[in-house]
Amino acid sequence: MRVAMIGTGYVGLVSGACFSEFGHTVMCVDKDQSKIDALKRGEIPIFEPGLDEVVATSVKSGRLSFSTDLGPAVKNADAVFIAVGTPSRRGDGHADLTYVFQAAEEIARSLDGYTVVVTKSTVPVGTGQRVQDTIRAARPDADFDVASNPEFLREGSAIEDFRRPDRIVVGTESERARQILRELYRPLYLNETPILFTSRESSELIKYAANAFLATKITFINEMADLCEKVGANVQDVARGIGLDGRIGSKFLHAGPGYGGSCFPKDTLALLRTGEEVGAPTKIVTAVQQVNEERKVRMAEKIDAAFGGVKGKTIAVLGLTFKPNTDDMRDSPSLVIVPWLQEHGAKVRAFDPEGMKEARKHLKFDECEDTESTLKDADGVVILTEWNEFRALDMARTKQLLKTPLMVDLRNIYRPDEMAKAGFTYVSVGRRTVTPV
Ligand code: UDX
């Protein structure tokens, strides 16, 4: 099959490279000339484990190429994927669909022969219909269908998620479109990955509902963590205790500083706006979104309390990205926590294994090159992201480096009893605070 992938952001690049790994011929298109030039030189604009290898192998096989020219890519394609950004619109939180409709209009001009146009970008219910209307208005003669095929890729494990998804969702009423998508996902189909065919509207909603549900699970356990702290319970035991119930499941029950990233914050907001608009308010999602926003400030206050007031203190921060194995800073809790600490008189020095370049675009702080130099002579350390290299710190050395043996661990990567034994005051999330024994 011949595929045109419009947009070489995170989703477009991963999907394009992986489709070509499946044996299809893929042309990835982006308006950004410098990005396309870089990709042609073999440079990957984002940090995603394994992506460079898949891209290199596919380019070498001749099945993956890059271009700024949408026309020829669309003209030759059996399937055209729209994988452009749908950021939150400033002011109202609705998904901004400017790029989606721009792409639809450009695609319309070049359609040649039967083509299925697939929205992979996360778009509100009804967008598929509007894309179809846009293309139809521009090209009354064109032979095409518009399908929805949401992605469920997690940053940091996107390649693995593409190769071994829990399910594939395809929304279309057209048998011809279904046939092409079935063929595109054939290697997974043969592996017995469930392919769920639904209406376009259901497919569009599945993406939002999945993200909102996961965000709810996280927010629920975060609230339980607050409760645990008040009543002397341990949130990890509570999570395990409820998670072993097959109806609940143990995943996405790690308490922390609140969810961030490119999807959950913007998708929960967009979903609740849609609910308001159509007269079916999603009260649970609304609460989740609010609680999560407030939580980031609560976490800064928690750090303040642990330090006995951060004013005049030097704080070592380990991790800035919204989660490990990515350089993505979008909606990371650090974007709220670090400025809060600074506004309250703290000096922040920080280190992130992959996120420094992105972090410096959004935050001002003393940049450190590694963990040791971050810790040296600080009044305490705060763990904001659970990168592997922060999971096995030598505590004797850490204690030596810090002025005060104080750790605030917002990801619960250490055990309170061991930290107490190692001589630390250790504050974590939803577990008792311990002092040196
Ligand atoms: C998410 C969805 O998982 C994915 O299916 C969708 O396509 C895009 O959004 P991603 O944002 O890459 O993926 O990361 P994910 O691993 O889901 O984590 C999102 C946020 O939730 C992170 O801030 C993470 O730290 C937080 N989280 C996750 C928790 O706080 N606790 C958990 O138990 C799980």
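Atom set for the values below is all heavy atoms of this structure, side chains included, hydrogens, waters and symmetry mates excluded.
- Under 3.5 Å, the side chains of Asp370 and Ser373 contain a donor-acceptor pair of N or O atoms.
- In this structure, Thr268 contributes its side chain and Gln289 its backbone to no donor-acceptor pair below 3.5 Å.
- Across all their heavy atoms, Ala255 and Ala225 have their closest contact at CB-CB, 3.8 Å.
- Of all non-hydrogen atoms in Thr274 and Pro124, the two that sit nearest each other are OG1-CB, 4.3 Å.
- Ring-centre distance between Phe252 and Tyr259: not below the 6.0 Å cut-off.
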Could you go through the side-chain contact (heavy atoms from CB on, under 4.5 Å) check for Asp417 and Val434 one step at a time? CA-CA 7 Å; Asp417 52 345; Val434 293; over 6 Å; no
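- Paired with Ser121 under the rule side chain to side chain contact (heavy atoms under 4.5 Å, CB included), one option of Ile6, Val84, Thr127 passes, and it is Val84.
- Salt-bridge annotation for Arg63 and Glu21: absent, with no side-chain N of the basic residue lying under 4.0 Å from a carboxylate O of the acidic one.
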side-chain contact (heavy atoms from CB on, under 4.5 Å), that's the test. Do Tyr414 and Met395 meet it? Break it down for me. CA-CA 11 Å; Tyr414 288 104; Met395 286 307 163; 3.4 Å; yes
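- A salt bridge links Asp226 and Arg295; the closest N-O separation between the charged side-chain nitrogens and carboxylate oxygens is under 4.0 Å.
- Asn191 and Thr193 share no side-chain donor-acceptor pair at under 3.5 Å.
- Between the side chain of Arg349 and the backbone N or O of Thr374 there is at least one donor-acceptor pair closer than 3.5 Å.
- Between Ala104 and Ile135, the shortest heavy-atom distance links the atoms O-CG1, 3.7 Å.
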